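Note that these values count all heavy atoms, side chains included, but never hydrogens, waters or copies made by symmetry. Predicted model only: the values in this text are computed from it and were never measured.
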Amino acid sequence: MIPSATYRIQFRNGMTFDRVVGLIPYLKDLGISHLYASPVFTAASGSTHGYDVTNPNEIDPEIGGREGFDRMAAALKRAGMGLILDIVPNHMSTSLENRWWRDVIQHGQQSRYARYFDIDWSRPLTLPFLGDTFEAELEKGAITLKRDSVTGEVSLAYYDNDYPLNPGTFSEDKRIADIHEAQSWRLMSWREAPKNLSWRRFFEITGLVGVRVEDEAVFDDTHRLILELVHGGGVDGLRIDHIDGLADPLGYLQRLRQETGPECYITVEKILAKGEQLPAEWPVSGTTGYEFIASLAEVLVDDSSLERLEAIHNETLGVAVDRHAELRDAKGLMTDRNFEGEFTTLLTLATALAERNGVELQRDDVRHALRELLIAFPVYRTYGTAEGLTPPDVALLNRVIASVNASEAALSLIVRILTGDLPVSDRDTAALFRTRFQQLTGPLMAKSVEDTLFFRHNLELALNEVGADPTPRAFSLSRFHQEMRIRLARQPDALLGTSTHDTKRGEDARARLYTLTEAPERWGANLARWRQMNQTQVRFLNDGTAPNAADTWMIYQALAGVWPATLSPDDWEGLTLLEARFLGFIEKALREAKQRTDWIDSNEGYESVVMDYVRHLLSPDNTLFLHDFSESLQPFIRAGLMNSLSQTVIKLTAPGVPDIYQGSEALNFSLVDPDNRLEPDFPALVENLSNADPGVFSDEQRWRDGSVKQYVTATLLRLRPHYPELFRYGDWLPLKVSGEREENLIVYARVQGDEALIVAVPRLVFDVSANEKLWANTLVTVPQELVGKRYRDVFSGESRILQETLDLTSEKGCVLVLLTCE
């Protein structure tokens, strides 16, 4: 069953199954067909997100256990709603609470779970969980022997972690170092993980170990409860986390589809590069929708003014920023440092294959070619199997190879390995290289772009979003329409996401920041004035100015995006709450940029000065600045609210399944996680929806508190179940606009048989948002097939018969959605 709309709930942090039961009437009233749940399986103690699963065959007692889950599932069924689960096949937690992982530590290769995890058993299992080297920690007494009071088994204890010893390796007369040396595992410093790890992890997180779901027994054991819930009717759909991490995504999805049956709704978390499409053979309904966020930027960014904003940005920094060079630098850093071990594994495999096939190459030549290929790779991954690459992947590889400056012989070797053009005797080694290569390009891209470049290059923060193009081209309305038609053809049942638990900022913060491209001169003047007002807080350190110009640009823009639409500069309590959230973001932004400070080696001197600078910005004593900032932000806030409404209407009428991230039916000005995972004010949302009516459009306060957006969301979501064919299969027809506001409108129709929906929403209205005649002297040409029909305005309820042109001059509303009514 294809949902008509999903609502994402983040469990944990106080959210339980029984609390969700209480929200079901509200979700039903909002127009939601399916609850979309974050991972619910037992995770590491204290987990705030659930992706660190310790037992995939148990519902986490922390959020209500199986009984609570069953109560929630039953309540959803009674309400006529479905349930979608977020599952995590790629990895599990390395917490010792994970009994499979603990058993592997205790029994090594003899463990029945030894093949469950992606471990290189040619060397001891590395456990990089020490704060310093083993020798240093032992010397200061942090590592001791401990006997379990119940089982009597001896373990090596490091603070709260007890590492079980291999059978027969403990002796009273052995020193701790000797006992440690006798194990099939080695404790080491966390700093050694990037270079010496003996197992695959999720990205660069050593708290998450890769799982070998390509093995049938592992698939069965990790999916037992998942499939039980699907077959029992309690779960209607699955969202697959990090599909690109798997050894064989297609094979996994085919197996999953076979086991779940054809009716289970399945989507995958997959980042598509601009123009890239999901493999057609994947038996899924589509992605979770990150590419849709990028599509919305096409129509909400003023491309004609973007160059001027960039010029002001470069003037402020005192240097012209080359985003292509920045991307290369970021990917080089990740390859050389954060993924050094993964890279070395590939290099070792490639040089071994060269030797076995009589290819005379220096190791440095292979290293350089492999490094350049990884840096140049433009997508998250290819989807080769044990036999080689698919034809589309071969074509992609050839295009990338042509752009790489490296030894032709070395590149030829790598191509032969990836395509499977080697003797049968080398097939297994080549397949291992291919798998590891494909499992590296995704994390390398994600960490380089999402978690490095997007915190370094801050020209327009709204464009620094998961799924966005790291080196964007020109934006255009025509390309947006083209992408919607492709979306209709390729994945009409995929999720339409605008906010998630992983987005860099909430959808309404992005909508507001898009408006900077409409008024770059005004933004530049504001920024210069604000910097001058707070100049006394700038410090000069040995490594440069703090905060430097680049970080200052980022700070004020981020603050502009997160500033609540209802916040008064005199609201001390509100400022205090904002400061706590904003400081957490600033620390993360500085460290992710990996320039003046880093997660690995933090620069406390620089960080503390920047934090003090931010505290000063939001201090109630900084009255002059706060009032100036708030007042100067008002035009951006008003235009941003209009953008918010436009992207909401588009999402709810575009090809696909609208996904509402918790609280985003109202305004979402969140920052990067953990801020975007905070629970919204559900009592306020329930109350506002119960009081919603068409009058909300004329009340500015209700624009600012999110009531307008919530009313529009509910109105359109309630339509969808009554016109499933129209919303699912309806053609996408861009309509011609002419007149005074022709550049300020996005107009299209969805048409299916006798049913039609006509949508007109504003864009680029920074200078006209306060004008009552938003669409003055503007006409829409109505296609002949839609002429003469009677339509109902879904917001005002008014009925009209359309002629060959639709005159928008007299329209009073800020958005127009007309639905055929006969």
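- Between T653 and Y748, the side chains place a donor N or O and an acceptor N or O closer than 3.5 Å (distance only, hydrogens not considered).
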Point to revise | Test salt bridge (Lys or Arg N to Asp or Glu O under 4.0 Å) applied to E291 and R487, step by step | key: CA-CA 10 Å; E291 70 282 353; R487 188 173 190 85; 2.9 Å; yes
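- In this structure, the side chain of D508 does not engage the main chain of F669 through any donor-acceptor pair within 3.5 Å.
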Exercise for review: Just do the salt bridge (Lys or Arg N to Asp or Glu O under 4.0 Å) check on R529 and D628 with the steps written out, would you?
Suggested key: CA-CA 9 Å; R529 189 174 64 257; D628 187 293; 2.9 Å; yes
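- Residues E460 and Y514 bring no donor and acceptor atom of their side chains to less than 3.5 Å of each other.
- Across R512 and P564, no two heavy atoms sit closer than the pair NH2-C, 4.4 Å.
- For R531 and T552, the side-chain atoms include no donor-acceptor pair closer than 3.5 Å.
- A donor-acceptor pair shorter than 3.5 Å can be found between the side chains of Y556 and N534.
- For the pair Y791 and L819, the minimum side-chain heavy-atom distance is 4.5 Å or more.
- Side-chain contact check for D570 and H627: at least one donor-acceptor pair (N or O, by modelled atom type) lies under 3.5 Å.
- Residues passing the ring pair (Phe, Tyr, Trp, His ring centres under 6.0 Å) test with Y26, sequence neighbours excluded: none.
- For Y711, the ring pair (Phe, Tyr, Trp, His ring centres under 6.0 Å) partners are F697, not counting sequence neighbours.
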Practice item. Assess whether salt bridge (Lys or Arg N to Asp or Glu O under 4.0 Å) is satisfied between R485 and D731, documenting all intermediate values. Key: CA-CA 8 Å; R485 292 185 65 83; D731 196 8; 3.2 Å; yes
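- Evaluation of the ring pair (Phe, Tyr, Trp, His ring centres under 6.0 Å) rule for W563 yields F629 as partners, not counting sequence neighbours.
- Taking the charged nitrogens against the carboxylate oxygens, R8 and D659 have no contact shorter than 4.0 Å, which rules out a salt bridge.
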